[in-house]
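Notes to accompany the following structure.
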Amino acid sequence: MLTVMQEIFTDICQRFEAELIEFDGEQDHVHLLVHYPPKLSVSKLVNSLKGVSSRLLRANFDSIHRHYWKGVLWSPSYFAGSCGGAPITVIRQYIEQQQTPGT
């Protein structure tokens, strides 16, 4: 499911002229490192990532309801942080070290 989610996120980012640089997921959340143009609203990108991925994942995985949060796949909240000063290798390493389910 995470592989399909990554493909969906990559496609959505490209539509917004952004680039999904790194992706990983845990049992109850995902981490994304996205390079996006300054003209793009983070909230607009996140809303699209959540909405489109929810619709496509529900269509492709019957068992996805087990991962729902209060009846939906995504909670209404998210965290977005800027990493303008940190080396990309440090951010990428952090995301890679998250506990991917089944590994």
Keeping to residues at least two apart or across chains, list the salt bridge (charged side-chain N to carboxylate O under 4.0 Å, His left out) pairs with something in [range].
range: residues 45-57; value: none
range: residues 75-84; value: none
range: residues 29-48; value: E17-K39

Sole candidate of I64, V72, L73 that passes side chain to side chain contact (heavy atoms under 4.5 Å, CB included) when paired with S54:
L73

CG-CG distance between L32 and D24, expressed to the nearest 0.5 angstrom:
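Interatomic distance, L32 CG to D24 CG, rounded to 0.5 Å: 10.0 Å.
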
Calculate, to the nearest 0.5 Å, the distance between atoms CD1 and CG belonging to I91 and L33 respectively.
7.0 Å

List in chain and number order the residues that pass ring pair (Phe, Tyr, Trp, His ring centres under 6.0 Å) with H31, two or more places apart in sequence or in another chain; answer none if no residue qualifies.
H29, Y94

Return each pair, listed once, that meets ring pair (Phe, Tyr, Trp, His ring centres under 6.0 Å) where at least one residue sits in residues 33-64; pairs must be two or more places apart or across chains.
none

Residues that S77 engages under side-chain hydrogen bond (donor to acceptor under 3.5 Å, both in side chains), provided they are two or more places apart
S75

Kindly write out the residues that satisfy side chain to side chain contact (heavy atoms under 4.5 Å, CB included) with S43, not counting sequence neighbours, or none if the list is empty.
S41, Y78

Listed partners of P76 passing side chain to side chain contact (heavy atoms under 4.5 Å, CB included), at least two apart:
W69

Taking every non-hydrogen atom, the tightest pair across A18 and L40
CB-CD2, 4.5 Å

Of all residues at least two apart in sequence or in a different chain, which pass the salt bridge (Lys or Arg N to Asp or Glu O under 4.0 Å) check with E22?
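Scan of E22 (salt bridge (Lys or Arg N to Asp or Glu O under 4.0 Å), adjacent residues dropped) gives R92.
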
Using a 3.5 Å cut-off and no angle test, enumerate the donor-acceptor pairs between side-chain atoms of residues 4-13 and protein atoms at least two apart in sequence or in another chain.
unit_1, atom_1, unit_2, atom_2, d
T10, OG1, Q6, O, 2.8
D11, OD2, R15, NE, 3.1
D11, OD2, R15, NH2, 2.7

Dump the intermediate steps for side chain to side chain contact (heavy atoms under 4.5 Å, CB included) on V46 and W74, then the final yes or no.
CA-CA 11 Å; V46 170; W74 299 110; over 6 Å; no

Would you say the side chain of F16 lies within less than 4.5 Å of the side chain of L49, judging by non-hydrogen atoms?
no

